[in-house]
Amino acid sequence: MEIKQYKNNFRKKIRQKRIQMSMEEVRYKSEIICRRILDSERYKSSKCIYCYYPIQNEVNILPVIRHALKTEKIVALPKVIHKNGEMIFTEIENLDDLKTGYYNIPEPISTVQARKADVILVPGVVFSNMGKRIGQAGGFYDRFLEKNHPYSIGIAYDFQIINDLKTEPHDIDVNQVISNL
């Protein structure tokens with residue numbers, strides 16, 4: 001099977017499983033994952049953290065964002081600046097600093113790029129234990145990670161992690177994966 005078809009099959013299968021999760025399952029697994037993020041040394045030592053706004057039953061990291069803001073960390077969320085897949089991260093002071101953006105994903109109102117991140121929490125559709133990642137197919141995070149090289153943590157539910165994942169050269173790995181397992 002061709003690699004593109006392989007990736008698309010995984011995307012379809014895992015997205016479907018994620019969409020079918022109950023709100024209770026999303027809440028329960030997300031709480032475990034958020035606790036693991038908050039307990040990690042990487043998070044604790046970070047002064048600036050890049051996050052994502054969860055959509056379509058992605059791991060809900062809003063508690064991490066709220067905690068980071070409360071503890072006076074700099075928090076930035078992605079803002080698409082060009083439909084070719086270019087995005088920047090802009091600082092927020094609270095979760096009200098957002099508007100509906102590209103793909104109807106909430107993004108910061110600000111257009112001022114945040115300072116370099118100490119860590120970035122990266123969504124994805126499928127990850128391997130070794131940090132390989134298949135995203136939504138837009139290449140936004142791949143381009144950003146390739147250009148900026150922050151310490152990256154993939155955020156995933158248990159069923160989004162497989163042992164042997166085939167990726168392409170433009171698929172950028174994450175440094176670490178945190179899940180509910």
Side-chain angles (χ1 to χ4, degrees), residues 10-79 87 89-101 103-108 114 117-136 140-141 144-145 150-163 165 172-181:
F10 259 116
R11 281 189 187 104
K12 184 177 179 181
K13 177 181 162 188
I14 300 299
R15 277 187 190 135
Q16 187 65 30
K17 190 166 186 170
R18 193 179 71 206
I19 292 298
Q20 291 175 343
M21 291 173 69
S22 69
M23 291 312 294
E24 180 59 29
E25 186 179 11
V26 170
R27 187 194 60 74
Y28 176 73
K29 289 183 176 186
S30 293
E31 281 179 8
I32 293 169
I33 294 165
C34 286
R35 177 55 37 217
R36 290 191 173 149
I37 295 167
L38 294 172
D39 288 344
S40 72
E41 285 307 313
R42 184 65 66 168
Y43 173 81
K44 288 177 183 177
S45 65
S46 294
K47 303 227 182 313
C48 180
I49 181 168
Y50 288 6
C51 299
Y52 64 89
Y53 194 95
I55 59 166
Q56 300 173 347
N57 281 354
E58 288 177 324
V59 175
N60 181 357
I61 62 164
L62 295 179
V64 172
I65 294 171
R66 288 186 189 99
H67 180 273
L69 290 167
K70 191 171 105 180
T71 57
E72 300 183 6
K73 291 182 187 291
I74 294 170
V75 176
L77 294 177
K79 181 178 190 74
M87 68 180 185
F89 279 78
T90 61
E91 188 175 335
I92 62 167
E93 292 183 10
N94 62 63
L95 288 167
D96 294 329
D97 293 346
L98 307 175
K99 66 176 175 70
T100 302
Y103 289 121
N104 291 317
I105 300 170
E107 62 181 33
D118 298 309
V119 65
I120 179 174
L121 304 181
V122 181
V125 179
V126 186
F127 294 90
S128 77
N129 290 320
M130 302 304 291
K132 292 190 178 299
R133 173 185 172 274
I134 295 176
Q136 298 286 353
F140 290 87
Y141 278 87
F144 184 84
L145 293 171
Y151 187 88
S152 54
I153 302 175
I155 306 299
Y157 297 115
D158 51 353
F159 63 84
Q160 291 179 278
I161 300 173
I162 66 165
N163 288 330
L165 184 63
I172 305 301
D173 294 357
V174 293
N175 298 100
Q176 176 184 355
V177 178
I178 293 180
S179 77
N180 56 292
L181 286 183

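All heavy atoms count here, side chains included; hydrogens, waters and symmetry mates do not.
Closest non-hydrogen pair, Tyr43 versus Ile37, comes out as CB-O, 3.1 Å. Looking at every heavy atom in both residues, Phe127 comes nearest to Ala156 through CD1-CB, 3.5 Å. Residues Ile33 and Ser179 share a closest heavy-atom pair of CG1-C, 3.5 Å. Across all non-hydrogen atoms, the minimal contact from Ser30 to Asn60 is OG-N, 3.0 Å. Scanning all heavy atoms of the two residues, the minimum distance from Pro54 to Ile61 falls at CG-N, 4.1 Å. The two residues Pro78 and Pro108 have their closest heavy-atom pair at O-CD, 3.3 Å.
The list of salt bridge (charged side-chain N to carboxylate O under 4.0 Å, His left out) pairs with a residue in residues 38-53, not counting sequence neighbours, reads Arg35-Asp39, Glu41-Lys44.
Here Ile178 contributes atom CD1 and Arg36 contributes atom CZ; the two are 8.5 Å apart, rounded to the nearest 0.5 Å. In this structure, the separation between OH on Tyr157 and NZ on Lys29 is 8.0 Å, given to the nearest 0.5 Å. Remark: Met21 CE to Glu58 CD distance equals 11.5 Å, nearest 0.5 Å. Residue Cys51 holds its SG atom at 11.5 Å from CZ of Arg66, rounded to the nearest 0.5 Å. The line from CD1 of Ile49 to CG of Leu77 is 10.5 Å long, rounded to the nearest 0.5 Å. Annotation: the span from Ile155 atom CD1 to Cys34 atom SG amounts to 8.0 Å, rounded to 0.5 Å.
At least one donor-acceptor pair under 3.5 Å links the side chain of Ser152 to the backbone N or O of Asn175. A donor-acceptor pair is defined here as one N or O able to donate and one able to accept, closer than 3.5 Å; no such pair exists between the side chain of Asp158 and the backbone of Asn180. Between the side chain of Glu91 and the backbone N or O of Ile74 there is no donor-acceptor pair closer than 3.5 Å. Between the side chain of Asn129 and the main chain of Asn163, no donor-acceptor pair closer than 3.5 Å is present.
Here Tyr53 pairs with nothing under the ring pair (Phe, Tyr, Trp, His ring centres under 6.0 Å) rule; sequence neighbours left out. Not a single side chain to side chain donor-acceptor pair (under 3.5 Å) links Asp97 to another residue, sequence neighbours left out. Under the side chain to side chain donor-acceptor pair (under 3.5 Å) criterion, Lys73 pairs with no residue at all, not counting sequence neighbours. Not counting sequence neighbours, the partners of Tyr151 by the side chain to side chain donor-acceptor pair (under 3.5 Å) test are Gln176. Under the rule for a side chain to side chain donor-acceptor pair (under 3.5 Å), Asn94 has no partner lying at least two apart in sequence or in another chain.
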- Show your reasoning for whether side chain to side chain contact (heavy atoms under 4.5 Å, CB included) applies to Ile19 and Gln56. CA-CA 6 Å; Ile19 292 298; Gln56 300 173 347; 3.6 Å; yes
- Take Gln20 and Glu25 through the test side chain to side chain contact (heavy atoms under 4.5 Å, CB included) and record every step on the way to the result. CA-CA 10 Å; Gln20 291 175 343; Glu25 186 179 11; over 6 Å; no
- Task: Determine, step by step, whether Glu107 and Lys99 satisfy the side chain to side chain contact (heavy atoms under 4.5 Å, CB included) criterion, reporting the C-alpha distance in whole Å, the side-chain angles of both residues, the deciding distance to 0.1 Å, and the verdict.
- Result: CA-CA 6 Å; Glu107 62 181 33; Lys99 66 176 175 70; 3.9 Å; yes
- Evaluate the criterion side chain to side chain contact (heavy atoms under 4.5 Å, CB included) for residue pair Val59 and Leu121; output intermediate values, then yes/no. CA-CA 11 Å; Val59 175; Leu121 304 181; over 6 Å; no
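Within 6.0 Å of atom NZ in Lys70, 12 or fewer heavy atoms from other residues, nucleotides or ligands are found, so the atom counts as exposed in its surroundings. The local environment of CD in Glu93 is sparse, with at most 12 non-hydrogen atoms from other residues, nucleotides or ligands closer than 6.0 Å.
Side-chain contact between Leu62 and Leu95 is present, with heavy atoms from C-beta onward closer than 4.5 Å.
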